[in-house]
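Remarks on the structure that follows.
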Amino acid sequence: MSKKSFNPFEMAQAQFDKIAGLLNMDEASRELLRCPLREYHFSIPIKMDDGSSKVFRGFRVQHNDARGPGKGGIRFHPMETIDTVRALSMWMTWKTAVVDIPLGGSKGGVVCDPHNLSPRELEQIARGWVRQLAHNVGPLSDVPAPDVMTSPQIMLWMLDEYEIIHRAKYPGFITGKPVGMGGSLGRVEATGFGLIFTVREALKELGIKPEDTIASVEGFGNVAQYAIRLFNEIGGTVTAVSCWDQEDNTAYSFRKKDGIVIDQLLSVTDRFGGINKNKARDLGYEVLPGDEWIEQDVDILIPAALENEITAENVGKISPRVKIIAEGANGPTSPEADEVIKNRGIFIIPDLLANAGGVTCSYFEQVQNSMNYYWQKDEVLGRLDIKMTNAFIAVSELAKKRKLYMRDAAFVIAINRVAQACKDRGWI
Ligand code: GLU
C-alpha cells in the first residue's frame, strides 16, 4: 500500500478480520465489531480574526461501548479524514480492552491546521465541536481527550462549553484537562512513560540491560518527549529524533551520536514538536533527511508520530541491530511492513499496548473526577506502571503460549474481551 492510497480504516478492518478468523468468531459479532456503532459528521462555522467566516469539518466516531463509555481523543489535523477517525476509534476499543479498563472506543477530529490558527480561532473550533455534540457525548457515554495537536487548554474550553450547555459541573466529561482544573498529575507524561514501561519489560524479557541500548525516535510531540525522558532515566540513550518542519513542509532527523539532550532540544522546539533546525545545528546536532530515523544503527525504534510511517518502501532500511520496535503512534506500521518485521523476529510492542498509557491515565483522571479527590503524581504513575506492566505480561505470556506475534496476541486478548462483553449484554 503506497502512502497515497493508504486507508487506515481498511487496515484496521483487515487486522480485525484476521483475528476474528483466528478466534472462529461468529458472523454477527464480526459484523458488529468491524464497523463503528455510531458516527457524527458536522460543520463548525467560525468567525476568523480577520472578520471572514470559515467552516471546518468535524467528526466523532463511537466504535464500541460494550465495556463502558466510549473513550478517545480528538485530533486537529489538516489531513484528517473520516476513515482515519473510524480506524482510530476502533483502535481505541482494542486499546482500552487490552489494558482492561472499563471503557470503550471512540475518536474525534477536526480538519484544520492549528499552526495557522490563533488561540481565539482554536477556542471557537473547540467550543463549536462541543456545541454540535453536546447531547451525544458525556461522562457516562463518550469521553473525549487530547490527541495530535490538541492540548489541555483545548480540553478545558471544551469542558467549559459542555458545562454551559448542561448547566452543571461535569469534570469527567473530558480528560487531559490542565492540572488544577480537573486534570490528573502525570497525564502529560502518561503516554510516553507508559511506552517506556513496556520497553523496560521487553528488555527484561530479552535479557538486555537498558543502559546497553540506543534508540531512534520518530516524532517529537508529547509522546516522544516524555518517552525519551524516561528512557534516559532508565539508562538508555537516544541518538536520533525526527520531526516535521512547518516552515519547509518537510521532515528532518536530528542526530547526536553520543545521545540527544532532551532539555536542550526542547529549548529550540515549538508547541507542536517542531524543532528549529538552524538552532539545533548550532547546538551540535546533525540535521539529516526526515526518513533517516528509521535506518539508524540502534537497538530500539520508536515511531511516535502518525499512522503509516513504517511501510513496504522503508521497512528494508531497518538496521539488523534493531531488536525492539515500540509503537508510540497509532497505526504507524503498514500491514506489509508488519509482515517483514514479524519474519525478521523483531520484538514488536504493538500500538494498542505500547501507547495505552495515555488512555489509562485518562481513566485515572475520570476516577479522580468522580471522587473529587486528587492523587499525588507518584501514585498516578505507580498505578500506571502496574497497569501497563500487567497488560504487557498478559500479552507476552499469550504470545509465548500460543506462539503468536505480539501484535496478534494483543488483538486476541482485546477482541475477545469486547466480543464477550457484547455477548454478555445480549447484543449478539
Ligand atoms: N489520544 C490518546 C490515544 O490515542 C488518548 C485517548 C484518551 O486519553 O482518551 O490513546
Side-chain angles (χ1 to χ4, degrees), residues 8 12 59-65 67-77 80 84-99 101-110 137-152 154-156 158-159 171-178 182-184 186-195 197-198 219 221-227 273 303-307 326-332 349-369 380 384 387-388 391 410 414:
F59 309 107
R60 184 71 175 171
V61 177
Q62 297 169 344
H63 174 260
N64 192 281
D65 54 14
R67 290 173 37 86
K71 188 82 193 79
I74 304 170
R75 303 209 304 187
F76 283 5
H77 198 276
E80 196 65 293
T84 316
V85 184
R86 285 177 178 137
L88 289 162
S89 75
M90 194 191 282
W91 289 332
M92 284 310 302
T93 302
W94 313 142
K95 200 186 296 194
T96 51
V98 83
V99 284
I101 53 179
L103 296 166
S106 290
K107 202 79 177 197
V110 177
V137 291
L140 301 178
S141 56
D142 182 10
V143 184
D147 200 278
V148 172
M149 287 201 273
T150 48
S151 61
I154 291 177
M155 298 305 109
L156 187 56
M158 289 183 157
L159 175 71
F173 154 60
I174 201 161
T175 59
K177 300 177 292 291
S184 174
R187 177 63 184 84
V188 284
E189 292 92 342
T191 317
F193 276 27
L195 181 86
F197 294 149
T198 66
N222 170 266
V223 180
Q225 290 173 12
Y226 286 100
L306 291 174
E307 57 279 354
E327 296 183 324
N330 291 311
I349 314 174
D351 51 1
L352 69 156
L353 172 64
N355 72 33
V359 72
T360 301
C361 195
S362 277
Y363 163 60
F364 295 153
E365 183 174 330
Q366 264 209 317
V367 170
Q368 294 170 78
N369 293 152
V380 176
L384 180 67
K387 266 283 184 206
M388 295 300 293

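Worth knowing before you read on, the calculation uses all heavy atoms, side chains too, and leaves out hydrogens, waters and symmetry mates. Order of listing sets the numbers, starting from 1, for every ligand and every atom in it.
- In terms of heavy atoms, Ala329 sits closest to Leu306 at CB-O, 3.8 Å.
- Checked by atom type, the side-chain pair Thr84/Lys107 shows no donor-acceptor distance below 3.5 Å.
- Of the listed residues (Arg187, Met155, Glu365, Lys107), the one carrying the non-hydrogen atom nearest atom 5 (C) of ligand 1 is Arg187.
- With Ser106 as reference, Arg60 is the one residue of Met90, Arg60, Met92 to meet the side chain to side chain contact (heavy atoms under 4.5 Å, CB included) rule.
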Asp142 vs Asp65, side-chain contact (heavy atoms from CB on, under 4.5 Å): CA-CA, chis, key distance, verdict:
CA-CA 8 Å; Asp142 182 10; Asp65 54 14; over 6 Å; no
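- With ligand atoms numbered from 1 in the order given, ligand 1 contributes 9 (O) to contacts under 4.0 Å with heavy atoms of Gly72.
- Each of the atoms 3 (C), 4 (O), 10 (O) of ligand 1 lies under 4.0 Å from some heavy atom of Lys95.
- When side chains are defined from C-beta on, Asn222 counts as touching Tyr226, because their heavy atoms get closer than 4.5 Å.
- Scanning the protein heavy atoms around atom 8 (O) of ligand 1, the nearest turns out to be Ser362 OG, 2.6 Å.
- The closest protein non-hydrogen atom to atom 7 (C) of ligand 1 is Ala145 CB, 3.3 Å.
- Considering all non-hydrogen atoms of both residues, Ser362 and Lys71 come closest at CB-CE, 3.5 Å.
- Just one residue in the list Gln366, Glu365, Lys177, Gln368 forms a side-chain hydrogen bond (donor to acceptor under 3.5 Å, both in side chains) with Ser184, and that residue is Gln368.
- No side-chain donor from either of Thr150 and Arg75 sits under 3.5 Å from a side-chain acceptor of the other.
- Atoms of ligand 1 lying under 4.0 Å from at least one heavy atom of Asn330, given by number and element, are 4 (O).
- Residue contacts with ligand 1 leave out Ala356, since none of its heavy atoms falls under 4.0 Å from the ligand.
- Annotation: atom 2 (C) of ligand 1 to nearest protein heavy atom, Asp147 OD2, 3.7 Å.
- Here Cys361 has no heavy atoms under 4.0 Å from ligand 1, in either its backbone or its side chain.
- For ligand 1, the polar-atom distance check finds no N/O of Met92 at less than 3.5 Å from any of the ligand's N/O atoms.
- Of all atoms in ligand 1, numbered sequentially from 1 with element shown, those under 4.0 Å from a heavy atom of Lys71 are 7 (C), 8 (O), 9 (O).
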